[in-house]
Amino acid sequence: MKFRKIRLGQLGNHETVAFAVEELQKNLKKIDPCLFVEVLLLDEPDEACGDVVWVGLHDSFQVPQVKDAFWDDAVAISVKDGAGYISGTNERSVLIAAYRFLQELGCRWVRPGKDGFRVKTQELDNVTVSVTGVPSSRYRGVCIEGSVSSEHVQDMIGYLPKVGLNEYFIQFMLPATFFEGWSEHKNNPYAEERERPSHELMEALVKKLEQEVKKRGLRYHKTGHGWTCRSFGMDGTGWHLDREHHIPEETKPLLAQLNGVRGLNHNSPLDTQLCYSKPEVRSRIVDTVVAYCKENPHIDLMEFWLADNVHNWCECEECRKLRPSDWYLMILNELDEKLTAAGLKTRIVFSFYLDLLWEPLQETIHNPDRFVMLYAPITRKFDETNGDCLNVPGEMTEFVRNQNAYPRKLADNLAYLRRWKELGYTGEVILFDYHLIWGHVNDPGYEKIARVIHEDMKYLPDLGIHGMSSCQVQRCFFPTNLPMHMMARGLWDSSSDFETDAKEYYLSAYGDAGEQVHKYLAEVSDAMTVIRFPNFYLPDESVCSDYEGLYRLIRDFRPVIDDHAAREDACAADWKLLQLHSDYLMHYVKMYELLEQGKTEESQAETKKLLSLMAANEDWCHPALDVGNHAYVLKRKLRITDELGEGAIE
Amino acid sequence: MKFRKIRLGQLGDHETIAFAVEELQKNLKKIDPCLFVEVLLLDEPDAACGDVVWVGLHDSFQVPEVKDSYLDDAIGICVENGNGYITGSNERSVLIAAYRFLKELGCEWVRPGEDGIRVEKKELEQITVSVHEAASCRYRGVCLEGSTAYEHILNILDYIPKVGMNEYMVQFFLPATFFENWYNHRENPLAESEGKMTMELLNGLVRKLEAEIAKRSIRYHKIGHGWTAKPLGLDTTGWHREAVHNVSDEIKPYLAEINGVRGLKNNSPMDTQLCYSQPKVLKMIADCVAEYCKEHPYIHVLHVWDGDNLNNWCECEDCQKLRPSDWFLKMQNAIDARLTEEGLSTKLCFNVSRDKLWAPLETKLNNPDRFVMMYAPITRSYDLNYGQCVEGTGEMTEFVRNGNKYPASLQDNMAYLREWQKSYVGDIFLFDYHLIWAFINDPGLERCSRNVYDDIRNLRGKGIHGYQSCQVQREAWPHNLPMHMMAKTLWNDHCDYEEVSKDYFFKAFGPDGDKVRAYLAGVSEHLEMYIQKRYGDPKKPYGPFGKDYDGLFRLLEEFLPTIKAHVAEDNVYTTEWKMLEMHNEYVRLYAKALVQWEQENMEEAEKLMEEVYTLLQSNVEWTHPVLDEGNMVTFLKRRVNTGKQFIVNLSDN
């Protein structure tokens with residue numbers, strides 16, 4: 001009789017290394033419930049302890065070299081017959097390495113949340129794993145969007161290192177709009193309780209989530225929009241277009257002047273630019289950022305953006321003298337000076353999108369090491385990928401204040417980025433893209449969007465882009481999590497192969513019938529071409545060449561789904577989602593078919609059925625589907641302006 | 001459509017509070033998988049956050065008053081419609097309160113380890129729980145004994161706050177002996193030895209276990225024996241009576257002189273006393289303790305015991321002048337003075353057992369606040385409980401250096417304690433042995449559970465402030481009622497035995513729990529070794545050990561189909577029923593051996609006992625989380641050997 005065991009040697013007391021050990025301990029027992037997992041705690045590896053898998057950082061471990069061990073991840077796993085090490089370039093990498101070790105032994109996380117876990121149980125004897133890896137991209141993150149309960153965010157944070165991602169970004173000073181989106185259940189008439197959470201509550205929820213971020217050693221991004229509000233006594237916790245806003249009298253003269261009037265743009269402080277030519281405006285913003293950086297040293301990357309939205313730049317005589325990007329850079333340089341004077345090393349992320357795409361004519365960044373550019377091609381379509389645009393020059397238009405037309409083609413977006421670089425921007429660039437906030441809604445099979453995101457990620461290094469912060473809903477796994485899975489794969493390994501990884505994903509998520517699901521969803525994806533159009537454009541061409549064939553495909557696969565959904569195994573929850581998705585598809589396809597037939601009202605009625613279906617099932621499908629955001633995209637796309645009230649439910 | 005939710009407000013960053021919140025979050029989701037459990041983090045409760053269950057310490061929360069909020073646990077749970085607080089007198093109490101909250105909602109932990117949780121699944125809506133309680137006993141702990149893998153200790157550490165206990169003791173500087181027992185599988189020839197445990201490895205394992213203790217704010221007791229060896233550079237990790245110990249001429253003069261010779265007792269530094277009348281010896285120990293306290297500030301209660309074993313006290317002229325307990329208190333005073341000098345506030349625990357049962361004649365503790373007494377009636381029998389030891393009963397014998405006769409009855413043991421209590425007014429906790437040896441004499445565990453219950457509920461009346469159970473870490477075979485009862489009674493010494501027991505069996509075994517309870521009570525009833533002398537009575541080497549064996553065999557046979565039916569099911573109770581199935585066979589074989597023994601067929605009895613050992617050993621792969629087979633086999637063999645010895649002596653006479 002032999003007792004199988006593994007000894008994990010935790011090196012030091014760092015919270016993230018301790019957590020890595022805890023995760024190893026917990027999950028190794030899931031793989032082999034009879035395995036003894038013993039943990040020792042030492043500061044240095046010690047041969048006298050015998051066969052131990054050391055977990056942590058140590059000079060003697062062979063970890064691939066990286067430029068900067070704080071910023072760059074690399075993993076090194078060298079375990080032979082239950083002895084060796086699991087290490088990385090930093091504590092976060094150690095955690096990523098721990099999850100990788102578990103993956104090599106049979107664990108999978110197919111989506112965030114506990115239902116996303118898969119494990120192949122086996123007897124673990126003489127464990128041997130050898131992996132070294134350096135991710136292709138330095139920045140591999142997710143940004144909070146959509147409607148969220150703190151559990152949804154917690155699930156996402158928990159998922160990130162499991163798939164090799166390394167950053168999380170909480171938007172705004174207080175991400176009220178996202179929490180409110182969930183708590184108010186605006187798009188769910190079935191919800192019995194609605195509440196608007198207090199700021200105090202949300203602040204405390206964020207504080208706990210920050211602790212979860214820290215526990216995993218994840219790089220933490222914060223804020224973005226809101227500085228133009230906070231410094232001037234206005235609400236910057238969301239767009240809040242439908243609320244009454246209090247604007248302090250002394251702030252009014254500082255707001256951007258549009259058509260001769262200084263006031264709120266779209267009744268939203270967050271959408272309102274200021275009169276940046278006024279030194280007082282700039283210094284108040286800068287002082288606010290400096291104070292915030294001082295108060296929040298745990299923030300690794302402070303996102304400092306100006307107001308959101310378009311055509312909102314100040315038209316006063318002084319402001320007109322320079323482009324928006326000039327004013328922005330002027331503020332950035334002033335901010336850098338004050339941060340340096342205050343001895344603060346916080347890195348600042350500046351946004352590069354919409355009107356800021358047009359390069360500055362006068363200003364340049366004085367201290368590039370302080371900054372990272374966030375390139376956000378928000379007006380792009382998802383019909384082409386970074387890979388397609390590598391050698392496409394793209395076109396740019398002339399800058400026209402508050403009348404710019406924004407680039408739809410990805411190549412055109414990239415042209416603006418190249419222009420900035422040609423003019424001397426040498427700093428780092430992060431892509432901030434929107435595949436999984438709106439784009440995915442236009443590809444009901446998820447195969448196309450998954451391919452686009454994977455191709456986009458793979459070619460980032462070729463474009464001189466250092467990673468991705470995915471501006472996405474936190475629940476975009478309906479019916480699968482292939483897009484996010486492929487995003488993580490592409491960011492980690494630019495040579496990863498879509499087919500291989502997708503096949504593996506489906507087998508993990510759905511078991512033996514995974515390949516059937518893959519084929520089915522790829523065919524669904526292939527049959528619908530809504531994704532060719534911009535996110536919120538109503539298609540004016542056919543989006544399906546064979547509606548009958550598509551209905552047949554959905555109907556024919558249904559028995560397979562029902563059969564698996566009835567089983568009580570680890571994959572059942574994902575099959576149940578497919579079941580709901582099958583119903584969803586019938587409405588979704590019909591909605592476009594009717595639209596194509598010119599039956600707008602009938603199409604909208606079908607949309608409402610679809611919305612109702614999602615809403616009615618939200619109590620169980622919420623971990624995978626952001627019903628609120630999904631409904632928002634469909635309503636906006638299908639031009640349904642009325643709120644989905646009781647009367648709309650059929 | 002209603003989204004059920006609860007908001008937990010973590011107050012502050014304390015590791016134990018954070019852990020309490022984590023445990024709440026994890027287990028609330030087990031009760032109601034659809035419940036949203038949202039956690040917020042603040043330093044103070046804030047009404048603006050709306051309905052929140054605050055978890056942590058705050059002046060505005062109502063907690064039952066206790067004498068000392070650092071030492072004493074009290075819990076305050078006041079949650080109405082998902083709003084209120086879960087608190088305690090300290091962080092450890094908050095964790096205990098968190099588990100209590102979960103219990104009120106449908107969780108129970110019937111034994112240590114993953115399989116020990118029971119959850120009554122339900123929809124949690126408008127959660128309302130109100131509990132305000134203070135623990136009856138200040139000291140509610142477990143001491144490391146038996147054979148243990150790292151995981152076994154981790155399991156029991158995790159279990160302790162779940163059942164309201166609050167202390168853990170790791171014996172020795174390094175508890176090598178317990179780890180070695182497991183990894184060498186000395187008492188299990190069917191298991192492969194797992195190789196040598198180096199001191200470095202042990203150190204690493206203990207350090208991690210200490211981190212687990214700290215995470216739960218469990219009061220940490222450490223050492224015990226070893227202080228007589230460490231200052232002299234001798235082995236402190238176990239008794240190691242078969243090992244080679246290097247005793248230099250330089251240190252020999254400090255060892256106790258027995259029959260004119262200074263040397264190791266039983267070839268074990270741990271068993272060896274020193275010559276405490278030498279001021280240098282006391283200073284060496286005091287310096288050693290002070291140094292250790294300085295290096296280990298996280299140890300809450302440092303046990304400073306003398307050498308283990310008996311008849312080992314120094315007989316030199318000076319030592320003869322005082323009783324061992326006098327010298328022992330002088331040593332404690334010397335240590336206290338040294339710690340005070342160093343500004344160290346570590347609490348010290350001194351043991352009163354064996355020769356030190358005889359109270360000191362002239363020495364008192366100079367600084368009683370520094371100390372807690374550990375009263376360890378190791379030679380007691382388990383036929384009586386503390387409640388039955390009323391004042392005026394029990395006898396003491398004259399102190400005879402290295403020739404003492406130790407009290408066998410509990411009454412006599414208590415008489416010595418009373419003598420100590422005439423001059424000692426500080427805290428006392430009981431260090432007893434129900435779950436290291438005694439319980440093996442009661443296969444049904446009903447007698448043992450009742451005895452544990454009756455002992456503990458009478459402690460306070462005897463001026464004893466709690467219990468530290470010197471026990472194996474895996475004693476839950478075939479069930480864990482003794483430890484469950486221990487925990488329940490230490491928390492509330494007015495709890496009702498029947499009620500607790502009934503509830504336990506129901507949770508552990510499911511709807512047929514009552515049947516199991518009756519069945520095991522029957523097993524207990526038929527066998528009487530628990531109330532007899534631990535290893536048998538020299539005057540009655542052939543028993544009787546039980547009564548109505550036919551009735552016992554019938555009981556075993558009749559209940560087996562019920563057991564088998566449950567074993568065939570696949571639910572949370574299955575493991576427990578599987579254990580019961582094996583236990584049924586164990587009792588059958590053991591009882592058959594006892595029958596042969598009583599019939600004076602020792603050879604046949606031994607053969608059957610071999611089958612018992614094999615049964616225990618061959619199933620260890622799956623029973624190890626609940627059954628310390630090494631300890632059990634050692635005990636049973638000793639019992640057989642002792643019996644044989646008695647028989648030999650009888651025939652000699």
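Chain A is the first sequence line, chain B the second, and so forth, proteins listed ahead of strands; every chain is numbered from 1. Values in this document were obtained by computation on a predicted structure and should not be read as measured data.
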Region of [X] that comes under 4.5 Å of a non-hydrogen atom in chain B:
X        : value
A/Asp51  : neither
A/Gln211 : side chain
A/Glu203 : neither
A/His152 : side chain
A/Glu22  : side chain

Quiz item: Picking from A/Glu151, A/Glu212, A/Glu200, which has the most non-hydrogen pairs under 4.5 angstrom with chain B?
Solution: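 Top option by heavy-atom pairs under 4.5 Å: A/Glu151.
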Quiz item: When heavy-atom pairs shorter than 4.5 Å are enumerated against chain B, which of A/His622, A/Met202, A/Gln25 gives the highest number?
Solution: A/His622
Quiz prompt | Cation-pi, A/Phe117 ring and A/Lys30 (6.0 angstrom, 45 degrees) | solution = yes
Taking the six-membered ring for Trp, are [X] and [Y] closer than 6.0 Å centroid to centroid?
X        : Y        : result
B/Trp54  : B/Phe61  : no
B/His152 : A/Phe36  : yes
B/Trp182 : B/Tyr150 : no
A/His185 : A/Tyr190 : no

Per-residue contact mode, [X] against chain A (heavy atom under 4.5 angstrom):
X        : answer
B/Leu202 : neither
B/Lys196 : neither
B/Val620 : both
B/Glu194 : both
B/Glu210 : neither
B/Leu8   : neither

Exercise. Look at B/Ser193, B/Ala18, B/Pro625, B/Cys49 and state which one has the largest set of heavy-atom pairs under 4.5 Å with chain A.
Key: B/Cys49
Quiz item: B/Glu621, B/Met197, B/His185: which one forms the most heavy-atom pairs within less than 4.5 Å of chain A?
Solution: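 It is B/Glu621.
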Quiz prompt | Heavy-atom side-chain proximity of B/Phe172 to B/Phe178 below 4.5 angstrom | solution =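 Side-chain contact under 4.5 Å: yes.
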Is it true that [X] and [Y] make a salt bridge, defined as a side-chain N closer than 4.0 Å to a carboxylate O?
X        : Y        : answer
B/Arg4   : B/Asp32  : yes
B/Glu212 : B/Arg207 : no
B/Glu151 : A/Lys5   : no
A/Glu195 : B/Arg7   : yes
A/Lys207 : A/Glu210 : no

Exercise. For A/Ile170 and A/Pro175, work out which heavy atoms get closest and say how close.
Key: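 Distance-wise, the nearest heavy atoms are CG2-CG, 3.5 Å.
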Practice problem: Quickly, which of B/Leu157, B/Asn631, B/Asp628, B/Ile156 forms a side-chain contact (heavy atoms from CB on, under 4.5 Å) with B/Gln473? Name it, please. | Solution: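 Testing each of B/Leu157, B/Asn631, B/Asp628, B/Ile156 against B/Gln473, the sole residue satisfying side-chain contact (heavy atoms from CB on, under 4.5 Å) is B/Ile156.
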Self-check item: Interface residues of residues 37-49 of chain A facing chain B - heavy atom cut-off under 4.5 Å
Solution: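 The residues closer than 4.5 Å to chain B, in numerical order, are A/Val37, A/Glu38, A/Val39, A/Leu40, A/Leu41, A/Leu42, A/Asp43, A/Asp46, A/Ala48, A/Cys49.
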